[in-house]
Trainee: 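After the structure tokens below, expect a handful of questions from me.
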Amino acid sequence: MTEHNSKLFIETVGCQMNMLDSELVVAALRKQGYELTADVAEADTVLFNTCSVREHAEHKIYSALGRLKFSKQARPQQVIGVMGCMAQKDQELIFQRAPHVDLVVGTGQLGEIPRLIGEARTDRKRTVAVSLDRRDGTRNEVSQSFQSYDPLREPEMRPSPFQAFVRIMFGCDKFCTYCVVPMTRGPEQSRSPADILHECRVLADQGVLEVTLLGQTVNSYKYVENGRTWRLADLLAAMHDIPGLVRLKFVTNYPRDMTDELLQAVRHLPKCSRYLHVPAQSGCDDLLKKMKRGYTIGEYREMHGRIRATLPDAGVSSDFIVGFCGESDEAHNKSLDLIREFRFKNSFIFKYSPRPGTKAFDLLPDDVPEDVKRARNHEMLAVQNQISAEDNVAFIGRTVEVLVEGPSRNAEKRGETDATAGPVQLTGRTSCDRIVVFPGNPRLAGSLARIQIEDGTATTLLGSIVTREYQHGSSALLPILA
Ligand code: SF4
């Protein structure tokens, strides 16, 4: 059914995978005549794309749903849907907690959303569309129930018109004891190289310069076809030949699958970003074992040494969980030592929260008090920030190449998005994923520019344009518009 002038409000929480899912869903709904609105009050359809990795993200969505209860009474034709990881995990529970919700759609059924919204509006009945639980079928049956790929794309939902995410894998089979992803996203499945390369070519034709390949464990990618085994290194080599693409990134890496072949590919393919996100999660072997991460600190150290030997200029970032079950002061200090030893570019630090459906929730007591978790979180952040600041200050005086993304968030908040009153604050990223802020004309968005670094904080490098080298759609050197 085609709907005209329907207004869609969508809120997305969580990871890049969710941002991509929202882009695909919005593209499919736009094809049906929907328009996006930022005002939930005027929306006929309200969608929440949800995350279950932390309890806090779920609370946020249940609170937002609670606020819609009265608006739904005033507008009974409104369709409210919950999609993504929380939908797959909580299913009917969502109706119990928020009876005004019409649709619950898991990560494997997103392609069905346009049809389900239409049915909800006409039939006024509640629907749950989710995949099989991992224990409710053979691996093949469960995998099939998670396949929902729609190649339609929607530039407005991307980080910028020239940056796009491309999924190369679904799901995860690692079963870390704290993590819901193997349940909410299903078994690990790699997409065919032909589909991925086609999608990248279409995006490049649309003006995309930077593609970030997504997978829960992106470097575990494996696809066997006609007797040939494709790995991430092979995909990167094939993508490197696509005209128009200037930067290739990939997240998130699993430490045990960081092969020399992949590191050599990143080293020898100039379009590959010198950036590797390789979560360590803890600096203590006992904790890693309880988390079932599949490596020891000695093995992580060996992997990190290979990265440094092959890619000495790469930015390496990590994730850490503080306050995991049984984490002692000594174990926490080992994590701090690990950050000091490896000098991560940055770390995403999270307080442990037990997630129903995981092994840790069922078997391991959540025995670190909340105030201790909070204090460890602050301490770890302080150690990481100090290292990030020191390493960024070391860039002062150097010239770096950035892909210009557009006006910085601060410039946007101040309403400075055109250059009629002079240069505005722009932001871009280096190949090693450092954020650089500098004055310039917003028309530079989508170009590569060389920036002389003049200052640095824990999160940002600050500088001035030296030259602008390339603008999308033109190969000519253009004058500096600073
Ligand atoms: S590797 Fe572990 S933490 Fe990462 S998605 Fe898979 S189960 Fe979760």
Side-chain angles (χ1 to χ4, degrees), residues 13-21 50-58 84-86 88-89 106-108 131 133-135 139 142-143 146 165 167-191 212-222 232 250-259 262 276-285 287-297 299-300 303 316-325 327 335 338 344 347-364 366:
V13 295
C15 62
Q16 291 116 323
M17 204 64 96
N18 271 14
M19 288 170 71
L20 174 57
D21 283 339
T50 58
C51 171
S52 283
V53 170
R54 271 167 288 282
E55 203 176 5
H56 176 71
E58 292 191 345
C85 290
M86 199 177 100
Q88 178 64 35
K89 176 177 144 286
T107 54
S131 301
D133 187 278
R134 291 200 66 151
R135 289 156 298 195
R139 183 189 168 84
V142 179
S143 297
F146 271 94
F165 298 123
R167 185 186 344 249
I168 65 169
M169 297 174 74
F170 299 89
C172 182
D173 283 344
K174 305 294 194 274
F175 288 99
C176 302
T177 54
Y178 54 84
C179 182
V180 288
V181 167
M183 276 66 75
T184 59
R185 296 236 170 226
E188 189 174 295
Q189 305 181 69
S190 295
R191 286 180 66 205
T212 302
L213 301 177
L214 298 184
Q216 307 296 343
T217 54
V218 72
N219 56 339
S220 314
Y221 178 85
K222 181 182 178 187
L232 179 55
F250 51 90
V251 288
T252 288
N253 292 286
Y254 186 62
R256 235 177 44 195
D257 291 336
M258 189 59 81
T259 61
L262 177 58
L276 295 165
H277 181 61
V278 203
Q281 303 297 9
S282 171
C284 169
D285 280 341
L287 267 277
L288 288 175
K289 204 169 171 189
K290 278 189 180 175
M291 293 175 178
K292 199 173 160 287
R293 284 290 291 173
Y295 51 84
T296 62
I297 286 306
E299 286 162 342
Y300 190 95
M303 178 230 45
V316 181
S317 61
S318 180
D319 293 345
F320 283 92
I321 295 172
V322 292
F324 188 65
C325 313
E327 187 188 64
S335 293
L338 196 82
F344 295 111
S347 291
F348 299 95
I349 300 163
F350 306 103
K351 285 182 294 170
Y352 172 64
S353 67
R355 308 307 299 127
T358 62
K359 278 249 161 58
F361 181 89
D362 291 340
L363 303 174
L364 301 171
D366 175 26

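In this chain, residues are counted from 1 in sequence order. All ligand and atom numbering here is 1-based and tracks the order in the structure.
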Trainee: Name all residues meeting the side chain to side chain donor-acceptor pair (under 3.5 Å) criterion together with Arg134; count only those two or more places apart in sequence or in a different chain, and write none if there are none.
Mentor: Asp173
Trainee: Determine whether Arg185 and Phe170 satisfy the following criterion, side-chain contact (heavy atoms from CB on, under 4.5 Å), listing intermediate values before the conclusion.
Mentor: CA-CA 7 Å; Arg185 296 236 170 226; Phe170 299 89; over 6 Å; no
Trainee: Would Lys359 count as a cation-pi partner of Phe175, with NZ or CZ less than 6.0 Å from the six-membered ring centre and within 45° of the ring normal?
Mentor: no
Trainee: Nearest 0.5 Å, please: how far is OH in Tyr178 from CE in Met291?
Mentor: 6.0 Å
Trainee: For atom 4 (Fe) of ligand 1, which protein heavy atom lies nearest, and how many Å away is it?
Mentor: Arg293 NH1, 4.2 Å
Trainee: Can you see whether Glu58 engages Ser52 through a side-chain donor-acceptor pair at a distance of less than 3.5 angstrom?
Mentor: yes
Trainee: Would you please classify the geometry between the Tyr295 ring and the Tyr300 ring as parallel, tilted or perpendicular, with 30° and 60° separating the classes?
Mentor: tilted
Trainee: Which residues and atoms, protein N, O or S only, are under 2.8 Å from atom 6 (Fe) of ligand 1?
Mentor: Cys172 SG
Trainee: What atoms of ligand 1 come closer than 4.0 angstrom to any heavy atom of Tyr178?
Mentor: 3 (S)
Trainee: Determine whether the aromatic ring centres of residues Phe250 and His277 are separated by less than 6.0 angstrom.
Mentor: no
